[in-house]
Amino acid sequence: MRYDVEKLGEFFAEHPADISLDDIDMARIPRHVSCIMDGNGRWATARGLGRGEGHKAGIVALQDVITACVRLGVDVLSAYAFSTENWNRPQTEVNLLMHLFAKTFVDELPLLKRENVRVEFLGDISVLPKKTREVFEYGLEQTSDHTGMTLALAVNYGARAELARAARLLAKEVAAGHLSPDDIDESAIADHLYTADLPDPELVIRTSGEMRLSNYLLWQVAYAEFYLTDTYWPDFDRWGLLRAIAAFQGRDRRFGGLSAR
Ligand code: FPP
């Protein structure tokens with residue numbers, strides 16, 4: 001994907017001592033970067049703040065990472081914002097998150113438009129509270145013809161639910177006589193996932209020191225490289241992203257074969 005050299009240099013100009021654009025091979029930027037944004041609550045607690053403040057700070061971090069990915073020419077940035085299991089959190093936190101999602105989305109729409117970002121949702125957004133759902137649907141419509149980076153937000157997303165849904169959709173096609181069971185191969189399954197039109201993530205970043213997938217993109221990350229950092233998500237930013245990409249570029253990706261080196 002294209003990137004603007006001037007804007008790129010400007011965005012990453014004042015760099016910390018340990019990382020800069022010089023550490024990045026622009027010819028090998030991962031096409032799809034995916035973030036499991038974890039640690040908002042702990043970030044807030046560590047500062048004596050309410051969890052809501054952590055989520056607000058997490059949104060600021062996401063904004064920086066979105067712009068950084070656009071500047072670097074990443075094709076797809078996906079981010080795990082709300083899982084099917086997150087409904088089990090206290091109702092007040094669920095309500096706050098839904099409110100923040102709607103508010104952020106309204107606030108960020110001009111940026112997404114300016115940067116030509118197309119928005120997509122992974123997960124069933126039809127069951128979200130009315131206001132959040134309407135704002136998301138408006139955002140989908142407003143960015144549908146954008147040709148730049150795709151921002152895929154996983155909201156009310158769970159990989160097992162996604163796979164069960166794909167199985168259901170395929171079974172219905174078989175029952176209707178449109179598909180033979182023998183035609184159900186890997187690409188047929190991939191075509192029935194929320195990510196059907198997206199390349200698989202090449203780099204998955206998880207913050208806050210946790211080392212698990214938490215029911216996220218189980219099918220799609222088969223060959224992704226994982227980058228784990230102790231940094232809480234609100235402290236993650238463009239430089240954290242560069243460190244993750246530098247680590248990714250240092251990996252020997254074999255896809256089950258032998259090293260090309
Ligand atoms: C995990 O931290 C973070 C979340 C559950 C929410 C992340 C969402 C955003 C940053 C905003 C996304 C914006 C839009 C518009 C969809 P946690 O609460 O699990 O932290 P903890 O593990 O420290 O408690």
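Computed from a predicted structure; not experimentally measured. Whatever order the structure lists them in is the order used to number ligands and atoms, beginning at 1.
The closest approach between any non-hydrogen atom of Gly39 and ligand 1 is below 4.0 Å.
The nearest heavy-atom contact from the protein to atom 11 (C) of ligand 1 is Ile59 CG1, 3.5 Å. For atom 6 (C) of ligand 1, the nearest protein heavy atom (residue, atom name, distance) is Ala81 O, 3.3 Å.
Between the choices Met37, Arg51, Arg42, His55, the shortest heavy-atom distance to atom 23 (O) of ligand 1 belongs to Arg42. Comparing heavy-atom distances from atom 13 (C) of ligand 1 across Phe101, Trp43, Phe105, Phe82 singles out Phe101 as nearest.
Within the cation-pi definition used here (under 6.0 Å to the ring centroid, within 45° of the axis), Arg238 qualifies as a partner of Phe11.
Ring pair Phe136/Phe105: centre-to-centre distance below 6.0 Å.
Polar contact check, Gly41 against ligand 1: a nitrogen or oxygen pair lies under 3.5 Å apart. Close N/O approach between Asp38 and ligand 1 is found [any backbone or side-chain N/O within under 3.5 Å]. Residue Asn40 has at least one nitrogen or oxygen atom sitting less than 3.5 Å from a nitrogen or oxygen atom of ligand 1, judged on distance alone.
Thr195 and Gln220 form a side-chain donor-acceptor contact under 3.5 Å, judged by distance and modelled atom types alone. Judged by distance alone, the side chains of Arg206 and Thr229 never bring a donor and an acceptor atom under 3.5 Å apart.
Side chain of Trp233 to backbone of Gly58: a donor-acceptor contact under 3.5 angstrom is found. Between the side chain of Gln249 and the backbone N or O of Asp25 there is at least one donor-acceptor pair closer than 3.5 Å.
Hydrophobic clustering (side-chain heavy atoms under 4.5 Å, transitive across Ile, Leu, Val, Met, Phe, Trp, Tyr) keeps Phe82 apart from Leu217.
Counting the atoms of ligand 1 from 1 in the order shown, those under 4.0 Å from a heavy atom of Gly58 are 10 (C).
For Arg89, every heavy-atom contact with ligand 1 shorter than 4.0 Å involves the side chain, none the backbone.
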